[in-house]
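Residue numbers begin at 1 in each chain, while the letters A, B, ... track the order of the sequences.
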There are 2 protein chains.
Amino acid sequence: MRRAARKRTTRQLEQVFKALEGDHTHPFAHEIYRRVHKRLPRISLATVYRNLHSLVDEGKIRTLLLDEQGARFDPETSQHDHFVCERCGRVVDLFLRQTRPVDLSSLAKQGYVVTTHSLTVHGLCQICAARRRTSRSQRPARKA
Amino acid sequence: MRRAARKRTTRQLEQVFKALEGDHTHPFAHEIYRRVHKRLPRISLATVYRNLHSLVDEGKIRTLLLDEQGARFDPETSQHDHFVCERCGRVVDLFLRQTRPVDLSSLAKQGYVVTTHSLTVHGLCQICAARRRTSRSQRPARKA
DNA sequence: TTGCTTGCAAATTTTTTGCAAAAAC
DNA sequence: GTTTTTGCAAAAAATTTGCAAGCAA
């Protein structure tokens, strides 16, 4: 599934990248489409997908597979990890490995060649954990 | 997306579980359908999906999101990690955390509540790494 | 001008759902 | 006998593709 390298810069590509740049919410393709569509009302979702793929191929953004519903996109290209909140669904960047690197040395000894790794932590984010603490003794809410 | 708990045992459910039991290849739903279909030729893919979900809900199997093409299923329910080979696509179970637990204590200190985590390592599996070593100086092969 | 990229619509792929019939208990 | 589960077909949701027209270089 190798795609031909992109050769031209277009407004569509620029806007797709800008819609993601500096964003920490790890949006799905459709949300990126929604954002770009405000500036380029004629853009199609297919073009958003094509440009997201180009950006991934060029290493400018990354794909995240965290939900059954589809791929998320992340402009943070440094090696990092993610926290997924079970309650609110938020995905938070973690930089654990900067202070607590995962020890994969045993794999090399077993004959594996390690390129990258990704760590995903599931649980309650700071906000949802605090909320639960506050409402500790209340009976389970219906539908919030 | 909460499903009602299953109340009856059926041949379909049993066969879906048996098709996965003891398997270490982390198959997609369609491959499980293919296997079960040999024993129950009238089963439908929809039933395989429904039964896979039941088994996940009951904690008998787990869902793995590793590929863009869809979910894999894993009968290994103990806490473990995965290695994905970039060349052959194989997914191998890893039990790194039994000897090298990932240190997530800093998250608790920051107010997160951690439920589980998953670590996925990418690279070359033992077989593909060995093959590369053997054919080190050869020009890139076309189509294997 | 040349040929890459886009927009549109249709196609694909994976997974889910409605409903009558079949099976479980 | 009642209620759950199945099979089938159709629906949904996410993503990809063919192709003529538009745009970048």
Exercise for the section: Measure from CD1 on Ile43(B) to P on dA23(C) and round the result to the nearest Å. Expected result: 13 Å

Handout entry: Most 5' of Leu45(A) and Lys7(A) on DNA chain D, judged by nearest nucleotide
Key = Leu45(A)

Problem - Candidate nucleotides dT17(C), dA9(C), dT6(D), ranked by approach to the side chain of Ala46(A) - the nearest - result: dA9(C)

Exercise for the section: Examine the base of dT5(C) for any acceptor or donor lying under 3.5 Å from a partner atom in the side chain of Arg50(A), and report the outcome as yes or no. Expected result: no

Exercise for the section: Starting from C1' on dT14(C), measure out to CG on Asp67(B) and report it in whole angstrom. Expected result: 13 Å

Handout entry: Ser44(A) vs dC8(C): side-chain N/O to OP1/OP2 distance below 4.0 Å
Key = no

Exercise for the section: Please report the C-alpha distance between Gln12(A) and Val36(A) in whole Å, then the side-chain angles of each, then the deciding distance to 0.1 Å, and finally whether the side chain to side chain contact (heavy atoms under 4.5 Å, CB included) criterion is met. Expected result: CA-CA 8 Å; Gln12(A) 289 86 342; Val36(A) 176; over 6 Å; no

Problem - Minimum side-chain heavy-atom gap Leu124(B)-Tyr112(A) below 4.5 Å - result: no

Problem - Nucleotide nearest Ala29(A) (side chain, heavy atoms from C-beta), chosen from dC23(D), dT15(D), dT4(D) - result: dT15(D)

Problem - Toward the 5' end of DNA chain C, by each residue's nearest nucleotide, Phe73(B) or Thr10(B) - result: Phe73(B)

Problem - Residue list, salt bridge (Lys or Arg N to Asp or Glu O under 4.0 Å) with Glu76(A), at least two apart or on another chain - result: none

Exercise for the section: Look at all strands and tell whether Ala71(A) reaches a base, only sugar-phosphate, or nothing, counting heavy atoms closer than 4.0 Å. Expected result: sugar-phosphate

Problem - Rounded distance (Å) that lies between atom P of dT6(C) and atom CD of Glu14(A) - result: 11 Å

Practice task
May I have the distance from Leu52(B) (atom CG) to dT6(D) (atom C1'), rounded to whole angstrom?
Solution key: 15 Å

Practice task
Report the nucleotide, chosen from dC23(D), dT6(D), dT4(D), that has the shortest atom-to-atom distance to any side-chain atom of Arg8(B).
Solution key: dT4(D)

Problem - Short side-chain N/O contact from Tyr49(B) to OP1 or OP2 of dT16(C), under 4.0 Å - result: no

Problem - Spacing between Phe28(B) atom CZ and dT14(C) atom P, to the nearest angstrom - result: 8 Å

Exercise for the section: May I ask you to verify if any side-chain N or O of Gln69(A) is less than 4.0 angstrom from the OP1 or OP2 atom of dT15(C)? Expected result: no

Handout entry: Whole-Å distance separating the CG atom of Asn51(B) from the P atom of dG7(D)
Key = 9 Å

Exercise for the section: Please check if the side chain of Arg6(A) supplies one atom and the backbone of Ser54(A) the other of a donor-acceptor pair under 3.5 Å. Expected result: no

Exercise for the section: May I ask you to verify if any side-chain N or O of Arg42(B) is less than 4.0 angstrom from the OP1 or OP2 atom of dA22(C)? Expected result: no

Fill in the blank from the handout: Tyr33(B) atom OH is separated from dC8(D) atom C1', nearest whole Å, by 11 Å

Problem - Salt bridge flag under 4.0 Å for residues Glu31(B) and Arg34(B) - result: yes

If you look only at distance, which donor and acceptor atoms sit under 3.5 Å apart when one is on a side chain in residues 79-95 of chain A and the other is two or more places apart or in another chain?
{"residue": "Gln79(A)", "atom": "OE1", "partner": "Arg97(A)", "partner atom": "NH1", "Å": "2.7"}
{"residue": "His80(A)", "atom": "ND1", "partner": "Ser78(A)", "partner atom": "O", "Å": "2.6"}
{"residue": "His80(A)", "atom": "NE2", "partner": "Asp74(A)", "partner atom": "OD2", "Å": "3.1"}
{"residue": "His80(A)", "atom": "NE2", "partner": "His82(A)", "partner atom": "NE2", "Å": "3.0"}
{"residue": "His80(A)", "atom": "NE2", "partner": "Asp93(A)", "partner atom": "OD1", "Å": "3.0"}
{"residue": "Asp81(A)", "atom": "OD1", "partner": "Arg97(A)", "partner atom": "NE", "Å": "3.3"}
{"residue": "Asp81(A)", "atom": "OD1", "partner": "Arg97(A)", "partner atom": "NH2", "Å": "2.5"}
{"residue": "Asp81(A)", "atom": "OD1", "partner": "Leu119(A)", "partner atom": "N", "Å": "3.4"}
{"residue": "Asp81(A)", "atom": "OD2", "partner": "Arg97(A)", "partner atom": "NE", "Å": "3.3"}
{"residue": "His82(A)", "atom": "NE2", "partner": "Asp74(A)", "partner atom": "OD2", "Å": "3.0"}
{"residue": "His82(A)", "atom": "NE2", "partner": "Asp93(A)", "partner atom": "OD1", "Å": "3.1"}
{"residue": "Glu86(A)", "atom": "OE1", "partner": "Thr115(B)", "partner atom": "OG1", "Å": "3.3"}
{"residue": "Glu86(A)", "atom": "OE2", "partner": "Thr115(B)", "partner atom": "OG1", "Å": "2.9"}
{"residue": "Asp93(A)", "atom": "OD1", "partner": "His26(A)", "partner atom": "NE2", "Å": "2.9"}

Practice task
Would you indicate, yes or no, if dT16(C) has its OP1 or OP2 atom less than 4.0 angstrom from a side-chain nitrogen or oxygen of His53(B)?
Solution key: yes

Practice task
For Gln126(A) and Gln110(B), indicate whether the former's side chain and the latter's backbone hold a donor-acceptor pair under 3.5 Å.
Solution key: yes

Problem - Residue-phosphate contact under 4.0 Å: Arg3(B) side-chain N/O, dT5(D) OP1/OP2 - result: no

Problem - Overall bend - the helix from dT1(C)-dA25(D) to dC25(C)-dG1(D), comparing terminal axes fitted on five pairs, nearest 10 degrees - result: 40°

Exercise for the section: For Leu13(A) and for His30(B), find the nucleotide of DNA chain C with the closest heavy atom, then tell me which residue's nucleotide is more 5'. Expected result: Leu13(A)

Fill in the blank from the handout: Rounded to whole Å, the CD1-P distance (Ile32(B) to dT14(C)) equals 13 Å

Problem - Stepwise side chain to side chain contact (heavy atoms under 4.5 Å, CB included) check, Phe17(B) with Leu13(B) - result: CA-CA 6 Å; Phe17(B) 183 60; Leu13(B) 179 72; 5.8 Å; no

